[in-house]
Amino acid sequence: MKRSIQLIGAIVAMSMLTIGGIARLAQAAPANSQQAKVSLLNARKIALKAHPGTITDEELENEGGGSGLRYSFDIKNGTKTYEVGVDAKTGNVLENTAEGKNPD
């Protein structure tokens, strides 16, 4: 009986981990990520061409300006970090600025 309870507990724990993993994947990109015409790989290349350095953070987000769907990259160059926004539908650079004291 004790072994059965332990086994059930393990199955429930594994199920919760799987459900949590699926939830995190669903949160990783906006629901309209299929609308992006520019791939993440190409957006990275565009961002690094606009501001060379090392990408430390990236996300696809709904934000005003351009088509409203953009890739946002934090690019570290020396001691400064820059935010470079690339329109996910056109590939245009929408933002290329140094991050302030309170980054997003």
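Just so it is clear, the values below take in all heavy atoms, side chains as well, and ignore hydrogens, waters and symmetry mates. If you read the sequence from its start, that first residue is 1, and numbering goes on from there.
Nearest approach of L60 to A88, heavy atoms of both residues: CD1-CB, 3.8 Å. Between L69 and A36, the shortest heavy-atom distance links the atoms CD2-N, 3.9 Å.
In the model, S72 has no side-chain atom that pairs as donor or acceptor with a side-chain atom of E58 under 3.5 Å.
For K80, the NZ atom is loosely surrounded, since the number of other residues' heavy atoms within 6.0 Å does not exceed 12.
Note on residues 60-92: pairs passing ring-ring contact (aromatic ring centres under 6.0 Å, His included), not counting sequence neighbours, are H51-Y82.
Counting only heavy atoms from C-beta outward, the side chains of L48 and I55 approach each other to under 4.5 Å. Residues K37 and T90 have side chains not in contact (no heavy-atom distance under 4.5 Å, counting atoms from C-beta outward).
Remark: T97 pairs with E95 by the side-chain hydrogen bond (donor to acceptor under 3.5 Å, both in side chains) rule, at least two apart or across chains. With sequence neighbours excluded, no residue forms a side-chain contact (heavy atoms from CB on, under 4.5 Å) with T79. Scored by the side-chain contact (heavy atoms from CB on, under 4.5 Å) test, K45 finds L41, N42 as partners (sequence neighbours excluded).
Between atom OG1 of residue T81 and atom CD of residue E99 there is a gap of 6.5 Å, rounded to the nearest 0.5 Å. Annotation: the span from I75 atom CD1 to N77 atom CG amounts to 9.0 Å, rounded to 0.5 Å.
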| Derivation of the side-chain contact (heavy atoms from CB on, under 4.5 Å) call for D87 and V38 | CA-CA 8 Å; D87 191 296; V38 177; over 6 Å; no
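A single hydrophobic cluster is seen to contain both L40 and V86, as judged by linkage of ILVMFWY side chains at heavy-atom distances under 4.5 Å, directly or through other members.
Salt bridge R70/E61: absent, no basic N to carboxylate O contact under 4.0 Å.
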